[in-house]
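I'd like to ask some things about the structure below.
Quick note: numbers below take in every heavy atom, side chains included, and nothing from hydrogens, waters or symmetry partners. The model shown is predicted, which means the values in this text are computed figures rather than measured ones.
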Amino acid sequence: HDVTIPHRPSSDQQPKYETFSVFRLTRAAFARAHRRGISAQHIIEFLTLKAHSSAAVAVPTSVQDQLWMWQETCERAEWSSTDDPVVLLTFADQETLRRVVGLG
């Protein structure tokens, strides 16, 4: 989202306005983007493009690191394209597993 913020002009200057882009990054939003094929690298490149020219660092290392960690998490899990519930069960032994699942 773009936000316009006025600068405080000195007494001999006209007011100047700069537009800042503000982005909120969340794990859930990243996961949605990742399912659509958007990678951490894509987001970092986008944020770098949007960075103000006077910024010493376009995207802080901590933000980049978090994006890469979220990507690793997304790649470890398989995302279902449906909203069907998923249940994770653990069993004390193989025999109990076979009985519950109906394999034996």
By side-chain hydrogen bond (donor to acceptor under 3.5 Å, both in side chains), Gln71 pairs with (sequence neighbours left out) Glu75
Mind checking whether Leu25 and Met69 sit in one hydrophobic cluster, side chains of I, L, V, M, F, W, Y counted as touching below 4.5 Å? no
Would you tabulate the side-chain donor-acceptor contacts of residues 38-45 under 3.5 Å, counting partners in other chains and residues two or more places apart, or write 'none'?
residue: Ser39; atom: OG; partner: Gln41; partner atom: N; Å: 3.3
residue: Ser39; atom: OG; partner: His42; partner atom: N; Å: 3.2
residue: Ser39; atom: OG; partner: His42; partner atom: ND1; Å: 2.9
residue: Gln41; atom: NE2; partner: Glu45; partner atom: OE2; Å: 3.1
residue: His42; atom: ND1; partner: Ser39; partner atom: N; Å: 2.9

Could you walk me through whether Thr96 and Asp93 satisfy the side-chain hydrogen bond (donor to acceptor under 3.5 Å, both in side chains) test, starting with their C-alpha distance in whole Å, then the side-chain angles of each, then the deciding distance to 0.1 Å, before giving a yes or no? CA-CA 6 Å; Thr96 305; Asp93 53 48; 2.8 Å; yes
Distance check, rounded to the nearest 0.5 Å: Thr26 atom OG1 versus Trp70 atom CH2? 6.0 Å
Taking the side chain as C-beta and beyond, is there a heavy-atom pair between Gln66 and Phe30 under 4.5 Å? no
Identify the heavy atoms of Ala51 and Ala58 that sit nearest to each other, and give their distance. CB-CB, 3.6 Å
